J.: 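Can you keep this structure in mind? I'll have questions shortly.
As the structure lists them, so they are numbered: ligands from 1, and atoms in each ligand from 1. Since we're looking at a predicted model, the values are computed, not measured.
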Amino acid sequence: MLAELFAAAAHGCRDRSPLTQRLLDDAAADLTRGGVTAAIMAGSERDRHGTVPGLRFAGAVHRLVLEGRAPDLAQHYPTVGGQPHLPTLWQDALPALHTHADLLRRRVQATVVQTNEPGRSAPLYGGLLVAAQEAARAAERTVPFCVRLLEVGASGGLNLRPHHVGYRLEDRVLGDPGSPLVLDPEWTGRPPADLAHRLRVVGRAGCDLHPVDVSTEDGRLHLSSFVWADQVRRWNRLRDALDLAATDPVKVEQSPGPEWLAKQLARAERDVLTVVWHSVVWQYVSPADRAMGRAVLADAAMKATRTSPLALLVFEPRRVDDPDVGYRFELLLKLWPAGISLNLGHGAGHGTPFTWDVTPWE
Ligand SMILES: C[S@@+](CC[C@H](N)C(=O)[O-])C[C@H]1O[C@@H](n2cnc3c(N)ncnc32)[C@H](O)[C@@H]1O
């Protein structure tokens, strides 16, 4: 059973991470013959499919490499300067797997797969510009609103600084060009907003069921270990986002989203647009939390005013009719009391590239 889950996880990496795919395929074969992987996964045999035991294993192995505890394997890992050579990957993994089997077993059991993708700051930034300007237009104000950003499912909080990130377009850099994190948003089209206006963020806060404290080495290693080691661009983006976070700390509170949101939304700020944001979270939220989250938001929406407006901005996968596509990641915006409801566009799961294409959100 575990071997099947490993093989399925390996299949999920195809075309995206040959290194992780090969590691998991070899580990699946090792599980079947009762090798060291079986000892490492002891106690995790009955774990649910949704906890992705294979990715927990791959993350724990990657972490060993990052910590310098797997020198033979490190030569295959681009995140520490290596170059994958798949035919010898498994034989070079074995010494570290044997030496650190107990540590790996404890880590695999204690870990949930946890990612935080800073590329999603690009659609967030564009969406916030639109929200701040549309809310101002609806309130007949000439200057866009300042924003208070509330993120549910913030993970390590790496998307809580959209105004401190640079966004490199062909003709200019939006946001903060001097930031340690400058993204290539790869936009087709542009957000329907005046890009000359700077985004002003006057408050931000986040919550997560399993927050990652990126001010600690442990937290940084934890997030880093779940980036597939041959996805170098993504790795560099994460490293730059962690550097930015070190200059501008924001704590992510440990809490289920709805309770936290209810507390945050109980306080409305005058002349500030409150934006509730979540990205790639909804699929993980329990039905009870979904219902409660909707109720909390509906209550706050009823209380929103022209001087204290509210927005919901989400970047989430949605099913589409085309069977070849299946689902795609869409950026959706609702504004209260303006009654605006827009689908702003769609993009890749990590936030870039992104196509701005505004239609009504039904
Ligand atoms: C795939 S991660 C996405 C993290 C981040 N939003 C991003 O875009 O990089 C999903 C996150 O949602 C969090 N999560 C799931 N259910 C939650 C809930 N009911 N309340 C708060 N956070 C939740 C998970 O702990 C996890 O950190």
Side-chain angles (χ1 to χ4, degrees), residues 9 12 16 48 50-52 55-56 59 110-128 149-162 165 181 183 185 204-214 218-220 222-228 231 233-235 237-242 244-245 250-265 275-297 312-318 327-332 346-352 354:
R16 295 188 290 164
R48 281 184 306 110
T51 67
V52 261
L55 294 187
R56 280 155 45 217
T111 305
V112 291
V113 175
Q114 183 66 300
T115 54
N116 195 183
E117 179 46 61
R120 295 178 190 142
S121 281
L124 168 62
Y125 184 83
L128 288 174
L149 179 61
L150 302 177
E151 181 174 13
V152 175
S155 184
L158 297 181
N159 289 315
L160 281 167
R161 308 169 184 81
V165 175
L181 175 61
L183 296 172
R204 60 256 159 92
C207 81
D208 200 286
L209 282 181
H210 305 285
V212 182
D213 183 353
V214 296
D218 181 57
R220 288 190 292 273
H222 182 63
L223 277 188
S224 303
S225 67
F226 289 115
V227 173
W228 293 335
Q231 295 195 329
R233 200 165 161 228
R234 204 174 155 212
W235 173 261
R237 204 156 59 196
L238 177 67
R239 189 199 52 204
D240 293 349
L242 291 171
L244 172 60
V250 184
K251 188 172 162 39
V252 178
E253 206 176 302
Q254 176 156 35
S255 171
E259 282 94 331
W260 178 83
L261 207 51
K263 270 191 282 165
Q264 297 290 329
L265 292 175
V275 180
V276 175
W277 154 257
H278 56 81
S279 57
V280 197
V281 172
W282 198 240
Q283 71 209 74
Y284 303 103
V285 176
S286 66
D289 269 2
R290 284 186 181 197
M292 192 175 160
R294 284 196 182 103
V296 168
L297 199 70
L312 172 68
L313 184 63
V314 306
F315 183 63
E316 296 285 350
R318 292 220 304 175
Y327 64 89
R328 65 181 189 182
F329 290 79
E330 299 188 340
L331 182 67
L332 307 170
H346 50 91
H350 294 151
T352 68
F354 186 87

J.: Identify, by atom number and element, the atoms of ligand 1 in contact range of Gly257, meaning under 4.0 Å from any of its heavy atoms.
T.: 18 (C), 20 (N), 21 (C)
J.: Enumerate the atoms of ligand 1 whose separation from the nearest heavy atom of Ser155 is less than 4.0 angstrom.
T.: 4 (C), 27 (O)
J.: Looking at atom 7 (C) of ligand 1, what's its closest protein heavy atom, distance included?
T.: Arg120 NH1, 3.1 Å
J.: Measure from atom 24 (C) of ligand 1 to every heavy atom in Val281, Asp208, Leu209 and give the option owning the shortest one.
T.: Asp208
J.: Quick test of your reading of the model: are Glu151 and Arg120 salt-bridged, counting only N-O distances below 4.0 Å?
T.: no
J.: Does Lys251, at its NZ atom, have more than 12 non-hydrogen atoms belonging to other residues, nucleotides or ligands within less than 6.0 Å?
T.: no
J.: To check your reading of the model: name the closest protein heavy atom to atom 19 (N) of ligand 1, its residue, and the distance in Å.
T.: Asp289 OD2, 3.1 Å
J.: In ligand 1, which numbered atoms sit nearer than 4.0 Å to a non-hydrogen atom of Ser279?
T.: 3 (C), 5 (C), 6 (N), 7 (C), 8 (O)
J.: So which heavy atom in the protein is nearest atom 10 (C) of ligand 1, and how far is it from that ligand atom?
T.: Val280 O, 3.4 Å
J.: What protein heavy atom is closest to atom 15 (C) of ligand 1, reported as residue, atom name and distance in Å?
T.: Tyr284 CB, 3.7 Å
J.: Is the closest heavy atom of Glu151 to ligand 1 under 4.0 Å?
T.: yes
J.: Tell me: protein heavy atom nearest atom 5 (C) of ligand 1, and distance?
T.: Gly153 O, 3.4 Å
J.: Any idea which atoms of ligand 1 are less than 4.0 Å away from a heavy-atom of Ser255?
T.: 21 (C)
J.: Can you tell me which residue and heavy atom of the protein come closest to atom 9 (O) of ligand 1, and the distance to 0.1 Å?
T.: Glu117 N, 2.7 Å
J.: With side chains defined as the heavy atoms from C-beta onward, is the minimum distance between Arg237 and Gln231 less than 4.5 Å?
T.: no
J.: A side-chain contact here means heavy atoms from C-beta on lying under 4.5 Å apart; do Leu332 and Leu313 qualify?
T.: no
J.: So, are Arg318 and Glu316 salt-bridged, with charged N and O less than 4.0 Å apart?
T.: no
J.: Does Pro256, backbone or side chain, put an N or O under 3.5 Å from an N or O of ligand 1?
T.: no
J.: To the nearest 0.5 Å, what is the distance between CH2 (Trp277) and CG (Leu124)?
T.: 4.5 Å
J.: Any idea which atoms of ligand 1 are less than 4.0 Å away from a heavy-atom of Gln114?
T.: 26 (C), 27 (O)
J.: Scan Leu158, Asp213, Asp208 and name whichever one has a side-chain contact (heavy atoms from CB on, under 4.5 Å) with Val252.
T.: Asp208
J.: Are any non-hydrogen side-chain atoms of Phe315 and Glu330 less than 4.5 angstrom apart?
T.: no
J.: Checking Asn159 against Ser121 for the side-chain hydrogen bond (donor to acceptor under 3.5 Å, both in side chains) test, could you report, in this order, the C-alpha distance in whole Å, the side-chain angles of both residues, the deciding distance, and whether it holds?
T.: CA-CA 5 Å; Asn159 289 315; Ser121 281; 2.7 Å; yes
J.: Would you call the rings of Trp282 and His278 parallel, tilted or perpendicular, taking 30° and 60° as the class edges?
T.: parallel
J.: Answer with yes or no whether Pro258 contacts ligand 1, where contact means a heavy atom under 4.0 Å from a ligand atom.
T.: no
